[in-house]
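Note that the structure is a prediction, hence the values are computed from the model and not measured. Excluded from the calculations below are hydrogen atoms, water molecules and symmetry mates; all remaining heavy atoms, backbone and side chain alike, are included. As the structure lists them, so they are numbered: ligands from 1, and atoms in each ligand from 1.
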Amino acid sequence: MKTFYVTTPIYYANSLPHLGHLYTTIVADCVTRYRRQRGYETFFLTGTDEHGINVQRAAARSGRTPKEHVDYIVGELKQNFAAFGLDGAHGGYDIFMRTTEPFHYEAVAEFWRRIAAAKTPKGREAIYKGRYEGWFCAPCATFKTEDEYTKPERAGDPPLCLIHEAPLDRVAEESYFFRLSDYGEALLALYESRPDFIRPDARRNEVVSFVNSGLQDLSVSRLKSSVSWAIPVPGDPEHTIYIWLDALSNYITALGWGSAEGERERGFDKFWPGTHLIGKDILRQHAIYWPAFLLAAGVEQPAAVIAHGTWLDHAGRKMSKTLGNSIELPTLRRHFSTDVVRYFSLREMVFGQDSKFGYESLVERANSDLASGLGNLSSRTLTMIGRYCDGLVPSPDIEEERRLQAKRAGVDADGQELANTLEHARDSFVQLFEDYAFQRALEVVWTVIARADKMISEAKPWELAKDESQRQTLNAVLYRAAETLRWLAVLLHPVMPDATRAIWTQLGQADDISQYDPAQLLWGGMQAGARIGEVAPVFPRIDKAKIMAEIEKENQAKESANIETPAPHSGTHATEADAVPGSTNAAGTKPEPPQRGATEADAVPQSQSGAPQSPSSAPEGVATFIGIEDFIKVEMRVGEILTAERILKSDKLLRFTIDLGEAAPRQILAGIAEYYEPETLIGRKVAVVSNLKPRKLRGFESQGMVLAASVGDEGRPVLATFAEDVPNGARLK
Ligand code: MSP
């Protein structure tokens, strides 16, 4: 049996999944289902990339150990993928690969040893020890060259990554290097001999010209003292393996390469080489580093590296967690069926190019293409078969003597014209789908829908039904419509498995639609006499105004849960603006129960409900006593405001980057925009609660809370500050 192995990138387990992650996984799922229909034995991998400084930091920020943190993210990711029908139980991925699996550790060590023992094409050692000095982007997990960052505005500040707009880390330490510079020619020969190795062509050209411009050796380890949450370098425990070397090798370790469990048992022999689906953001790693590592380790190259474009927000910026503009999967799922999201993803993005994502366009496309297009064709055809043919698929045959009559009604006698259209569409669809040109493949299918609609509108079955002598003409038209629908269901099955199954059942088809090979569809396969099932709309129309209002309301609710209205009394004012769930206001109204995401630390200032009641009574104006053991849970530090700006569409919030004396400054939001001009705050030293669980506000992650006094009836915030010079990061006790 032919086999097909497809992979998505393994996603960083530092933050919750979003549309970008969903997209590649949907594409891989569609491709897998398509290949299965075509008779391949398939293996579909997705999973998580769980090591590195970014995960280490995210875990520290959320007060978890790295392992607890990745387990939590993996749980969320799996749940989200299952909600979109992408897990094994719904016919989706075969393995959810995690780089914290013991078998992966063992195999990565073997991969390293193989490379370390190898000679480059120029006869030198593939790995050597040296010293690395440069800038590293933690969210990208990549070292950055000068053209990949913006220079800082203030001397002494770190530069910003062009992709994440996040400050880079300075790295200057001993490191192992992979001698990538010796592999340029071998890589070019690979691209030359396999024109389909990198797709689309634009990406291939990009890689070829990058390699042509000369490759530099690659730092492939970090000191354990800098990055401890990683796999140790075999034989040198002071160093840990670079996250990309660890992560890329998952594609083979998942199949048993290099581990005791064996390659045969886990499928390496059967399924490798695989096809890697990736976003263009990680092209270099997949099309240059990975093939070079494989060359060094003596492992066969992948079948292909297929790079898609990026989903952008309305302003044209890449959607990402770091930028805080991503589409959250639970919101998407709550309002749209999985098939609508799958269809939109494949239809809207020209594969390989960037595309904007918006809820409005999603609704518009769902209504025009699915409700009015495919859904309408399906329900009108089936309803007419129910009404005019007693629910039985009629015969397509028109006897000789009735043909002229049919022709007068505009219906050709043998239906050949429609059959030709479909056969042509089938061949184009198969070719385009195999070329990853999903958008065009779907366009082709929609020309068929338009063609069938036209046939029905012109033949007017409702008129034919009034004339008993046109019975055969009516039957032929309805058969053709039903047969077209059968083809459409088979072609579209990988893209919309649920909806096409529903159409299939309504057409009275009893066998499994996923067994039908689209390339083998033949006109006339539908059996006359089949009883159609119960007719129900497959794509109900979506009320755009209603759904947009609901989404807006949810976003507002999320925000008001996050944004504190200034409390009408004096006291400590938590200017993160989202803090203090469960706090009591001055009027002493009943406290709300702690909300999702509330931490003990959130609740400390002003809190009554969260804190344990002290047995001794508190002085007037003090809500309750807390013990020192409670106080020390709150970590407060001195921070210096490096940047301050207003946030679009928020009157209350300012967005800061604040230096807390850590490796990188933090982004912190504060609800003081009505009282402070951002420019006046730059350079100010402020008091920051630094161990508060990060929280999303207006799409931005706030990584702490700036403290201020809350003054007067309206609760005007006055920033807590220092009269003497204090170093950034100093702890308040
Ligand atoms: N962990 C690495 C991949 C290692 S693979 C051996 C990584 N992870 S990631 O979480 O950042 O995921 C990157 C991938 O997510 C992209 O390549 C793409 O597949 C998907 N996307 C994330 N954001 C995206 C968009 N805004 N648009 C489209 N897809 C993007 O990189």
Could you tell me whether R64 sits above the aromatic face of Y72, with NZ or CZ closer than 6.0 angstrom to the six-membered ring centre and within 45 degrees of the axis? yes
Ignoring hydrogens and angles, state whether a donor on the side chain of N325 or H314 is under 3.5 Å from an acceptor on the partner side chain.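 No - no donor-acceptor pair under 3.5 Å links their side chains.
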Is there a donor-acceptor contact under 3.5 Å linking the side chains of D369 and Y343? yes
Gap between atom OG of S345 and atom CH2 of W311 - 0.5 Å precision: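 If I round to the nearest 0.5 Å, the distance is 5.5 Å.
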Nitrogen or oxygen contacts under 3.5 Å, ligand 1 side and protein side:
from: ligand 1; atom 1: 1 (N); to: I10; atom 2: O; distance (Å): 2.8
from: ligand 1; atom 1: 1 (N); to: D49; atom 2: OD2; distance (Å): 2.7
from: ligand 1; atom 1: 10 (O); to: Y12; atom 2: N; distance (Å): 3.0
from: ligand 1; atom 1: 10 (O); to: H21; atom 2: NE2; distance (Å): 3.2
from: ligand 1; atom 1: 17 (O); to: G279; atom 2: N; distance (Å): 2.9
from: ligand 1; atom 1: 17 (O); to: D281; atom 2: OD1; distance (Å): 3.0
from: ligand 1; atom 1: 19 (O); to: T24; atom 2: OG1; distance (Å): 2.6
from: ligand 1; atom 1: 19 (O); to: G279; atom 2: N; distance (Å): 3.4
from: ligand 1; atom 1: 26 (N); to: W311; atom 2: O; distance (Å): 3.2
from: ligand 1; atom 1: 26 (N); to: M319; atom 2: O; distance (Å): 2.8
from: ligand 1; atom 1: 27 (N); to: W311; atom 2: N; distance (Å): 2.8

Taking the ring centre of each residue, are F433 and F438 less than 6.0 Å apart? yes
Test log, rule side-chain contact (heavy atoms from CB on, under 4.5 Å), inputs F96 and D87: CA-CA 9 Å; F96 190 99; D87 58 340; over 6 Å; no
